[in-house]
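Remarks on the structure that follows.
Chain letters run A, B, ... following the sequence lines, proteins first and then strands; every chain starts at 1.
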Amino acid sequence: MNDFQKQLNARQWEAVSYCSGPSLVIAGAGSGKTRVLTYKIAYLLEMGVSPFQILALTFTNKAAREMRDRIAAIVGPEKSRHLAAGTFHSIFARILRREAAALGYDRDYTIYDETDTRSILKNIVRELGLNDKDYKSSKIAHRISMAKNSLILPDAYSADRELIQRDQRAQVGETHRIYALYQRRLQQANAMDFDDLLLNTYLLFYRFPEVLEHYRKRFAYILVDEYQDTNTAQFRIIRQLAPPEANLCVVGDDSQSIYGFRGAEIGNILNFQQVYPTARLIKLEQNYRSTRNIVGAANSIISHNQGRIPKEVYVAEEKEDGAPLQIIEAYSDKDEALRVARQIIGMRGRQANYDEIAVLYRTNAQSRSFEEAFQNANIPYRMYGGLSFYQRKEVKDVIAYLRCIVNPNDEEALVRIFNYPARGIGETTVRKLRAAAAEHDVPLWDVVQAPLDFGADINRGTQTKVAAFAALLQSFQKVVEATGAYEMAVRVVEETGIKRDLLSDDSPEAQARRENVDELLNSIRTFEADQLEEQGRELALLSDYLPQVALLTDQDRRDDGSPKVSLMTIHAAKGLEFGVVFVVGLEEELFPAASARYNPREMEEERRLFYVAVTRAERLCFLTYAKARWMYGQMQYGAPSPFLAEIDSRFVRKASDFARPERAASPKPAAQPTPVRLRRLSPLEQSRPATIEQPRQRDAIAIGSGTLRVGTRVEHERFGRGTVVSLEGSGISAKARIAFEGSGEKNLLLKFAKLKVLDV
DNA sequence: CAAAATGTGGTTTTT
DNA sequence: CCACATTTTG
């Protein structure tokens, strides 16, 4: 115990040892937050608290795994084994499984992913006869998700005039009806989407106080990581489980709240003390990660935000100043990537190894030029994000089979595998079967097993095929309760013809597909082995495997471990640290994102994102921007990000235009870059993009429906009515800047934008 | 039923 | 420009 205290600073120790009542730990970037969480749990265990009584909630599997591993390393695997430490979703999924019946679900419910959701929404939109231009599945999915995250059920949604009006303004006034149907369909399929795992947990506790009481008693100590990212549903569940005087410890940093766009409520952390008035506030402000320059720069960035929990992150006396942040200007996105590559080559071996370096960008689309440049320069890299392993077609296909076997009502999975591998059951047949199911209001699986009973009009040959398909699934279902998950999966791959299908093709792509399926099978085997060993079970079933695989992401996969430069979005980098960080694409319109420009709340989130990016760096931080960027098939010219000017000039240097990137061969680093004082851009400069060859300003440009001049009133399909502010370029590169009523100013390529001239 | 043509839209996304 | 989704075509 004394040991713990010695390994922590005073604040950290206070956070660890304060266990009687609620506490709010504000953990500045690099202040040892994970350390506090793990030591706190270890401390509780050492104090004799039973692991069963501790609930630790995180946002990622990775964070949960790390926490468990580190605790196990301190107190040993025995004591840490039975901790309820996991993501909100996985812990709640387990509770919901146990209590499924209370909510009218079966314990083997399926967890639907976004793809499943989108596909259902598309069907509903079609059935309701709504036009899918306005009712795009992504848009509807987002609205429904936001509602669920705010604990708004379909009935409440329909009754909420404000919500309905907001939807109507966005041309999706029927969203509430879609939502209601969507929920019905999920229930029918015995399925929950990600948001339901939270929503239904809340409902469970709300409707069944005795169930809540049970979990309240059980979880005497609750810890929450990354509290600034909780949404309303998560907050309300925490409040259910932890009454005002409970031993609740939430840890987070309001300055690192970057998921507002997804429903995270920064207010949860800002107002914590109002909900838990007796909460002890502990601030961890000493940064152990970064140099003085980096911390100074980060502080100056975040100081431009209003509405923060006051704190000043500082650096220990003995920590070095380090190099100032270096701003690198490039001519184009390609040039930017090239300069970054040269820097990396230059410092390789001396200042940093590949795996200590990260390139962080605002959008995934920016990764391309870096991939190219790194390939040319022979720099090994690993890209995070992009499409996940579990989203690959072949992986999803196998999982779809497994899902159907465990939960035959899982309609999305059933439809997916109907004709894979090809068995001559075409679209028409599926449509007929689904129609029959809808008409009789029964699960699709019932119709599949006896099409004629439900009046599905299909011919003799097709009937045979459908019957064979049904028999195949039934044969699996019969044995699934008594067969290990791995054996089941292997049998599926072999007996359904998936294996044959994959082997029939010897293209490199098919080879990759086989490897992916192999990897999936291996992961199932590993899962089973872990279960047998850890839980001391005799058999790990598919129904044990599926709930957790649905909650896995690509980040949960290991790679080969050879040193590589990391390429990722800033969002993906949260919680990580690197010796050297390149924050790239610091341009107006890109970072901060153009859409945030007129919205102070979003601007603050963008700024926090920038703060997160810079604070990932331990020793060196580079900030780069390109004066021109290839985007949407056009060269776009932009100005440097206004964020650059917000950094206190003491902590940055701008690389002189003549300073060459260091050469690998040179014994000493190149000459110190010349300091440049960043000043705020005057309004005039801001409005004029810093272009190399500025496109000519134009007085008038003719388009299909008339002639555009400054001041011309126009209408755009998506953005509505607006007024032309300026015109430039000609031919295919003709552009207009238009101030839209409601959606702000936009630069449009006339080649693409279908504008209608309104007045004459 | 798959390949080819055409259309579309294009932040971030821990689960 | 490029990734994708949908529609058309052999």
May I ask whether F261(A) stacks on the base of dT12(B), given the cut-offs of 5.5 Å between ring centres and 30° between planes? yes
So, is [X] near the phosphate of [N], with a side-chain N or O under 4.0 Å from OP1 or OP2?
X       : N       : value
T569(A) : dT13(B) : yes
R262(A) : dT11(B) : no
K133(A) : dA5(C)  : no
Y632(A) : dT11(B) : yes

Establish, yes or no, whether a centroid distance under 6.0 Å links the rings of H571(A) and F261(A). yes
Sugar-phosphate only, base, or nothing, as touched by [X] at under 4.0 Å among non-hydrogen atoms:
X       : result
Q234(A) : nothing
G575(A) : nothing
E605(A) : nothing

So, is the end of the K148(A) side chain (NZ or CZ) under 6.0 Å from the ring centre of F194(A) and within 45° of the ring's axis? no
Testing the 3.5 Å rule here: is there a donor-acceptor pair between the side chains of D225(A) and T58(A)? no
N131(A) CG to dT8(B) P, in whole Å, measures 13 Å
